[in-house]
Amino acid sequence: MAIFIQCVIAYLLGSIPSGVWIGKLFYQKDIREYGSGNTGATNTFRILGVKAGIVALILDVLKGTAATLLPIYLNTNIHPVFIGVFAILGHIYSAYIHFKGGKAVATSAGVALALHPIFLLIFVGVFLIILFLSSTVSLASISAVFLAAIGSLFIDDPLFSVVVWLLALIILYLHRENIKRLRKGTESKVPFGLRRSKKQE
């Protein structure tokens, strides 16, 4: 299969707006009209609940994994992370919802799962620890992504490391509004962890 076709498939996979489709099909809600307005798993958790949030999270991870595995299964002479990047771009700029999307943390994790699963597990652990300590998804996401970027320097995969650093910068940019709220102390908190909110926001 031509590399171009793989890139298109990866982009279309990444474009699947899991939270939006779950909300419309099963809850008759468009999550973009509630909460943060984001299409990702965090807003799905917030608006539709734990079950829908978990399903959206799993789907967002798996679409990154599936896209990255394409060149491996097809024995294409290209680094799989290159194809995985197109799934991430699809998540951020979804072809199915007017080229808008989420913040790509889960789909980026899916790319890492396909290539370096132990590396991913370590930083999922970091994410969960920071989330428990702060009760703030955005802070946990930003912190884990940048620690992962530093950790990627110790993996013998230079291209993967370059992509992780680029993704860290992109994710930082996509979280710019969250960062403003973190600095003001007004960022939403989840209803668990040491600094949990009294009620779901």
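By convention here, the first residue in the shown sequence is residue 1. This one's a predicted model, so the numbers in the text were calculated from it and none came from an experiment.
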Examine [X] and [Y] and state if one hydrophobic cluster contains both, with Ile, Leu, Val, Met, Phe, Trp and Tyr joined whenever side-chain heavy atoms are less than 4.5 Å apart.
{"X": "Leu194", "Y": "Leu128", "value": "no"}
{"X": "Ile142", "Y": "Ile129", "value": "no"}
{"X": "Ile150", "Y": "Leu169", "value": "no"}
{"X": "Val50", "Y": "Ile58", "value": "yes"}
{"X": "Val163", "Y": "Trp165", "value": "no"}

> Partners of Lys51 by salt bridge (Lys or Arg N to Asp or Glu O under 4.0 Å), sequence neighbours excluded?
Replying inline: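 Once residues adjacent in sequence are excluded, Lys51 has no partner under the salt bridge (Lys or Arg N to Asp or Glu O under 4.0 Å) criterion.
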
>> Run the salt bridge (Lys or Arg N to Asp or Glu O under 4.0 Å) test against Lys103 and tell me which residues pass, sequence neighbours left out.
In response: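 Partners of Lys103 under the salt bridge (Lys or Arg N to Asp or Glu O under 4.0 Å) test: none.
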
Just jot down the side chain to side chain contact (heavy atoms under 4.5 Å, CB included) partners of [X], sequence neighbours excluded, or say none.
{"X": "Thr39", "answer": "Val20, Arg32, Ile97"}
{"X": "Ala104", "answer": "Ile88, His91, Ile92, Ser108"}
{"X": "Ala140", "answer": "Phe127, Ile130, Leu131"}

To check you understand the geometry: which heavy-atom pair defines the closest contact between [X] and [Y], and what is its length?
{"X": "Gln28", "Y": "Leu25", "result": "NE2-O, 3.5 Å"}
{"X": "Ile78", "Y": "Pro71", "result": "CG2-CB, 3.9 Å"}
{"X": "Asp60", "Y": "Ala106", "result": "CB-CB, 3.7 Å"}
{"X": "Lys189", "Y": "Ser134", "result": "NZ-O, 3.5 Å"}
{"X": "Ala95", "Y": "Tyr11", "result": "N-OH, 3.4 Å"}
{"X": "Phe82", "Y": "Ile3", "result": "CE2-CG2, 4.4 Å"}

Is the closest side-chain heavy-atom distance between [X] and [Y] below 4.5 Å?
{"X": "Thr107", "Y": "Val61", "result": "no"}
{"X": "Gln6", "Y": "Ile9", "result": "no"}
{"X": "Ser15", "Y": "Phe99", "result": "no"}
{"X": "Ser18", "Y": "Val55", "result": "no"}
{"X": "Glu177", "Y": "Arg181", "result": "yes"}
{"X": "Ile54", "Y": "Thr44", "result": "no"}

>> Test your reading of the model: is there a side-chain donor-acceptor pair from His98 to the backbone of Lys100, 3.5 Å cut-off?
In response: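 No; zero donor-acceptor contacts below 3.5 Å.
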
> Does Ser161 use its side chain to pair, donor to acceptor, with the backbone of Pro158 at less than 3.5 Å?
Replying inline: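 No, the answer is negative, given that no donor and acceptor are paired below the 3.5 Å cut-off.
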
>> I'd like to check the side chain to side chain donor-acceptor pair (under 3.5 Å) partners of Thr65; sequence neighbours left out, ordered by chain and number.
In response: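 Thr65 satisfies side chain to side chain donor-acceptor pair (under 3.5 Å) with no residue once adjacent residues are dropped.
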
Reported [atom1]-to-[atom2] distance for the pair [X] and [Y], which is rounded to 0.5 angstrom:
{"X": "Phe160", "Y": "Thr68", "atom1": "CZ", "atom2": "OG1", "result": "9.5 Å"}
{"X": "Asn38", "Y": "His175", "atom1": "CG", "atom2": "NE2", "result": "8.0 Å"}
{"X": "Ile31", "Y": "Thr42", "atom1": "CD1", "atom2": "OG1", "result": "10.0 Å"}
{"X": "Asn178", "Y": "Arg183", "atom1": "CG", "atom2": "CZ", "result": "13.5 Å"}
{"X": "Leu139", "Y": "Leu133", "atom1": "CG", "atom2": "CG", "result": "9.5 Å"}
{"X": "Leu59", "Y": "Leu13", "atom1": "CG", "atom2": "CG", "result": "11.5 Å"}

For residues 115-126, dump all side-chain donor-acceptor pairs below 3.5 Å to protein atoms at least two apart in sequence or in another chain.
from   : atom 1 : to     : atom 2 : distance (Å)
His116 : NE2    : Asp157 : OD2    : 2.9

> Hydrophobic clusters join Ile, Leu, Val, Met, Phe, Trp and Tyr when side-chain heavy atoms are under 4.5 Å apart, directly or via other members; which others share one with Leu166?
Replying inline: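 Besides Leu166, the hydrophobic cluster comprises Val162, listed by chain and residue number.
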
> Which residues, ordered by chain and number, are linked to Val145 in its hydrophobic cluster, where ILVMFWY side chains connect at heavy-atom gaps below 4.5 Å, directly or through other members?
Replying inline: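 Under the 4.5 Å side-chain rule, Val145 groups with Val105, Ile171.
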
>> Listing request: all side chain to side chain donor-acceptor pair (under 3.5 Å) pairs with a residue in residues 124-133, at least two apart in sequence or in separate chains.
In response: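 Found none.
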
> According to the ring pair (Phe, Tyr, Trp, His ring centres under 6.0 Å) rule, which pairs have a member within residues 128-159, sequence neighbours left out?
Replying inline: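 Matches after skipping sequence neighbours: none remain.
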
> Any cation-pi pair here, Lys29 with Tyr34, using under 6.0 Å and within 45°?
Replying inline: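 Yes, a cation-pi geometry holds between Lys29 and Tyr34.
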
>> If you count every heavy atom of other residues, nucleotides or ligands that lies below 6.0 Å from Tyr27 atom OH, does the total exceed 12?
In response: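 More than 12 heavy atoms, drawn from other residues, nucleotides or ligands, come within 6.0 Å of this atom.
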
> Partners of Tyr96 by ring-ring contact (aromatic ring centres under 6.0 Å, His included), sequence neighbours excluded?
Replying inline: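 Once residues adjacent in sequence are excluded, the partners of Tyr96 under the ring-ring contact (aromatic ring centres under 6.0 Å, His included) criterion are Trp21.
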
>> Looking only at side-chain N and O atoms, does Glu187 offer a donor or acceptor that is under 3.5 Å from a partner on Ser138?
In response: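 Judged by distance alone, the side chains do pair up.
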
